[in-house]
Amino acid sequence: MRNANAHIVFFIVSKYTCPMFRLYIERKPDFSNEAKRIHSEITGFLGIKAVKVVRYLNRYDIENVSEDVCRDAATRIFSEPQSDICYFTDYPLGKNETSIIWEYLPGQYDQRADSAEQCLSLLIPNADKNAAPKVRCAKLVLLEGNISEDERKKIENYLINPVDSRVASSEIPLTLTMNEMQPDDIPVIDKFTDMSSAELSDLREKMSLAMDNADIAFMQSYFKKEGRNPTET
């Protein structure tokens, strides 16, 4: 289906009962304030004049919804037809455009994805709770211009905060379910309550603890009263 606002082509993962949909939302030129801001910072703050135009898109991977629900959500949840252009599966890329894609680190809270999942659940009132809609978001910029790899890397480092984000893959995942790792038990510091002053001092230095000998001696007296050894935490 094609119209002025949408290019609809769905990607379906045949191994799973529920398909995986990929959706890109781009603001129309008159509403592309984020793209204009990024372009201004690249050419002004970073001084990379080779970038002539910047396009900005939000990418959504959507799981556990039907095609009908996804089509409905495309214009009711993820975009506004009067101000956005909606692309499914892929987006138009010019010959002289370079893309940078990034997403939150696993486990980092994403308010955009959380809100989208809640809105999708409202479109499926009788959905199986064990197969609730899942959404993963990523941000994407397209840089038009003859830029070098060093310049592209400089822009990438500027846009992506490594504390909470990472470069995202362009591959469509088979599932958005994250494999949870069971953490190991927290180690207990054996014989802590029986250590001598010299042993406490050695432990403090070995673990690089932010305390002096008086502090760790006070801790030892506390855990003696508790009748147990402390954990590393």
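Both backbone and side-chain heavy atoms feed into the values below; hydrogens, waters and symmetry mates do not. In this chain, residues are counted from 1 in sequence order.
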Please report the shortest heavy-atom distance between [X] and [Y], naming the atom on each side.
X	Y	result
F218	S221	O-OG, 2.6 Å
D190	M195	O-CE, 3.9 Å
S79	D84	CA-OD2, 3.4 Å
A50	N146	CB-O, 3.5 Å
N64	A132	ND2-O, 2.9 Å
L200	I216	O-CD1, 3.5 Å

Do the side chains of [X] and [Y] get close enough for a salt bridge, i.e. N-O under 4.0 angstrom?
X	Y	answer
E156	K153	yes
E117	K134	no
E63	R136	no

Is any side-chain heavy atom of T98 less than 4.5 Å from a side-chain heavy atom of L142?
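They are not in contact (no side-chain heavy atoms under 4.5 Å apart), so the answer is no.
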I want to check something: taking the side chain as every heavy atom from C-beta on, are L176 and M20 in contact at a cut-off of under 4.5 Å?
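They are in side-chain contact.
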Proximity of Y158 and F45 rings by center, below 6.0 Å:
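Here the rings of F45 and Y158 have centres that are less than 6.0 Å from each other.
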Which residues share a side chain to side chain contact (heavy atoms under 4.5 Å, CB included) with F31, sequence neighbours left out:
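For F31, the residues satisfying side chain to side chain contact (heavy atoms under 4.5 Å, CB included) (neighbours in sequence not counted) are R27, K28, S83.
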The criterion is side chain to side chain contact (heavy atoms under 4.5 Å, CB included); which residues satisfy it with R166, sequence neighbours excluded?
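In terms of side chain to side chain contact (heavy atoms under 4.5 Å, CB included), with neighbours along the sequence ignored, R166 is linked to E103, L105, P106.
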Applying side chain to side chain contact (heavy atoms under 4.5 Å, CB included), run through D164 and Y104 and close with a yes or a no.
CA-CA 6 Å; D164 60 16; Y104 279 122; 4.1 Å; yes
What verdict does the side chain to side chain contact (heavy atoms under 4.5 Å, CB included) test give for Y87 and L23, after you've listed the backbone C-alpha separation in whole Å, the side-chain angles of each residue and the deciding distance to 0.1 Å?
CA-CA 6 Å; Y87 308 104; L23 173 66; over 6 Å; no
Identify which one of D150, T43, I155 satisfies the side chain to side chain contact (heavy atoms under 4.5 Å, CB included) criterion when paired with I48.
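Option passing the side chain to side chain contact (heavy atoms under 4.5 Å, CB included) with I48: I155.
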R59 vs R22, side chain to side chain contact (heavy atoms under 4.5 Å, CB included): CA-CA, chis, key distance, verdict:
CA-CA 7 Å; R59 188 184 80 181; R22 172 158 286 182; 3.5 Å; yes
List for me each residue that meets side chain to side chain donor-acceptor pair (under 3.5 Å) alongside R37, sequence neighbours excluded, and say none if there are none.
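Partners of R37 under the side chain to side chain donor-acceptor pair (under 3.5 Å) test: E34, E41.
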F78 vs N58, side chain to side chain contact (heavy atoms under 4.5 Å, CB included): CA-CA, chis, key distance, verdict:
CA-CA 9 Å; F78 296 100; N58 284 305; over 6 Å; no
Parallel, tilted or perpendicular, judged at 30° and 60°: which one describes the rings of Y91 and Y24?
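If you compare the ring of Y91 with that of Y24, the planes turn out perpendicular.
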Among K52, R55, R152, which one satisfies salt bridge (Lys or Arg N to Asp or Glu O under 4.0 Å) with E97?
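Testing E97 for a salt bridge (Lys or Arg N to Asp or Glu O under 4.0 Å) against K52, R55, R152 leaves exactly one candidate, R55.
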